[in-house]
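Below is one structure, written out as structure tokens; the observations come after it.
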Number of protein chains: 2
Amino acid sequence: MTIGELAQRTGLTNSRIRFYESAGLLKTVDRRPNGYRTYPPEAVLVLELITTAQKAGFSLDEIRTLLPSDLGQWNHDALIEALRRKVADIAALQTRLKQSKAQLVALIRDIEAKPDDIDCAANARRVLSHVLGNEVERPTLAAGDVKLLGKASRRRATKTG
Amino acid sequence: MTIGELAQRTGLTNSRIRFYESAGLLKTVDRRPNGYRTYPPEAVLVLELITTAQKAGFSLDEIRTLLPSDLGQWNHDALIEALRRKVADIAALQTRLKQSKAQLVALIRDIEAKPDDIDCAANARRVLSHVLGNEVERPTLAAGDVKLLGKASRRRATKTG
DNA sequence: CATAACCTTTGAGTTAAGTTGATGGTCAAG
DNA sequence: CTTGACCATCAACTTAACTCAAAGGTTATG
């Protein structure tokens with residue numbers, strides 16, 4: 001199978017497949033005399049596994065250490081442990097998200113609960129003191145784990161050309 | 001207040017404060033005759049607001065559009081709407097995380113439920129067919145939203161120097 | 001006046017997971 | 001023998017939120 005055929009069967013791009021190879025994720029890549037890459041049928045499975053693992057939250061780095069060279073020869077214990085760790089990671093993130101969401105909901109309520117007898121600026125100060133007041137040890141989203149939120153203002157060129 | 005003093009009071013670095021200014025997040029920056037930046041006391045509040053919003057999942061881009069030049073003059077409606085959108089974003093992510101976690105847990109169970117009468121390679125094929133079999137329209141973590149997981153093999157130099 | 005401790009700007013580096021472009025080889029059809 | 005569709009490599013670009021280094025000005029102190 002050429003790289004173009006493999007790309008079509010997996011729905012990936014040629015460049016992505018080459019990138020995975022350069023990242024050490026594809027080991028079963030031979031060359032024809034003319035230099036073209038040629039793949040065995042299992043390459044489709046391997047690529048599907050990779051994308052599935054990515055969707056589950058694994059980085060390419062993690063996938064590389066877990067993927068065996070032979071699809072029938074998994075490192076059973078390492079795999080199970082990695083899966084358990086990933087589940088724990090997700091659970092931790094769920095906890096943080098829950099707290100962040102609760103804080104935001106509370107903030108919305110606080111803003112909307114403006115007493116009738118104060119003006120906007122005074123309400124702003126009141127809310128502000130609540131927001132910045134409880135900056136104690138309340139674990140919110142950890143810096144670096146937050147990249148997933150905020151899809152606002154994604155000005156990605158529509159690329160009609 | 002000099003930039004160094006502001007940095008100490010907020011716990012940020014000088015470079016980060018300059019970076020926020022260049023990103024359009026700090027508008028109240030004057031200069032002394034020698035060229036040094038000088039800040040009013042409210043700058044502390046503004047920086048605290050920025051870091052708090054970041055922890056809640058807002059990007060600097062979003063924060064910039066929401067932060068008023070005057071801390072008493074918020075765009076009430078835009079703010080409320082942004083907060084609601086962020087809550088919705090978090091909820092959507094929670095849904096995806098829940099499904100991803102459930103899939104991983106199911107996979108762990110599946111691997112461990114190896115029938116006694118088949119060998120490892122056969123079990124691998126069996127599990128593999130389950131993993132890759134249900135690649136239908138089950139919404140897992142969306143590509144791009146997954147960066148938060150996978151803190152494995154973070155080889156960050158300890159930087160003792 | 002030398003030194004340290006500040007401050008300034010500018011440009012480049014960091015991470016992850018690729019994409020895009022330049023430049024050129026290979027191959028089948030007409 | 002030329003056109004078009006493939007394939008190859010390599011370097012550079014992308015995003016976000018910074019950090020770091022280089023090169024130099026300012027200020028207080030001995």
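All values below come from the heavy atoms of this structure, side chains included, with hydrogens, waters and symmetry mates left out. Reminder, nothing fancy here: chain letters follow the sequence lines and each chain counts from 1.
In this structure, Arg37(A) and Asp30(A) have side chains that are not in contact, with every pair of non-hydrogen atoms separated by 4.5 Å or more.
Between Ala53(B) and Ile63(B), the closest heavy-atom pair is CB-CD1, 3.7 Å.
For the pair Met1(A) CE and dC6(D) P, the interatomic distance rounds to 16 Å; values are reported in whole Å. At whole-Å resolution of the value, OH in Tyr39(A) and C1' in dA8(D) are 11 Å apart. Rounding to whole angstrom units, CZ of residue Arg16(A) and P of dT20(C) are separated by 12 Å. Here dC7(D) presents its C1' atom at 16 Å from CG of Asp30(A), a figure rounded to the nearest Å. Taking atom CD1 of Ile63(B) as the reference point, atom C1' of dA16(D) lies 12 Å away to the nearest angstrom.
Checked by atom type, the side-chain pair Lys101(B)/Gln94(A) shows a donor-acceptor distance below 3.5 Å.
In summary, Glu42(A) and Arg9(A) do not engage in a salt bridge, as defined by a charged side-chain N under 4.0 Å from a carboxylate O.
The nearest heavy atom of DNA chain D to Asn34(B) and to Leu60(B) marks one nucleotide each, and the one closer to the 5' end goes with Leu60(B).
For the OP1/OP2 pair of dA16(D) and a distance below 4.0 Å, the side-chain nitrogens and oxygens of Gln54(B) include no atom meeting the criterion. At the phosphate of dC7(D), neither OP1 nor OP2 sits under 4.0 Å from any side-chain N or O atom of Arg37(A). Distances shorter than 4.0 Å separate some side-chain N or O of Ser15(B) from OP1 or OP2 on dT19(D). For dC6(D), the OP1/OP2 oxygens have no side-chain nitrogen or oxygen of Thr2(A) closer than 4.0 Å. For Tyr20(B) and dA17(D), the shortest distance from a side-chain N or O to OP1 or OP2 is not below 4.0 Å. For the pair Thr13(A) and dT19(C), the criterion of a side-chain N or O lying under 4.0 Å from OP1 or OP2 is met. Here Tyr36(A) does not reach the OP1 or OP2 of dT26(C): none of its side-chain N or O atoms lies under 4.0 Å away.
Judged by distance alone, with hydrogens and angles left aside, the side-chain atoms of Gln99(A) form no donor-acceptor pair with the main-chain N or O of Arg96(A) at under 3.5 Å.
When distances run from any side-chain atom of Asn14(A) to the nucleotides dC7(C), dG18(C), dC7(D), the shortest one goes to dC7(D).
If you check every strand for non-hydrogen atoms under 4.0 Å, Arg32(A) touches nothing.
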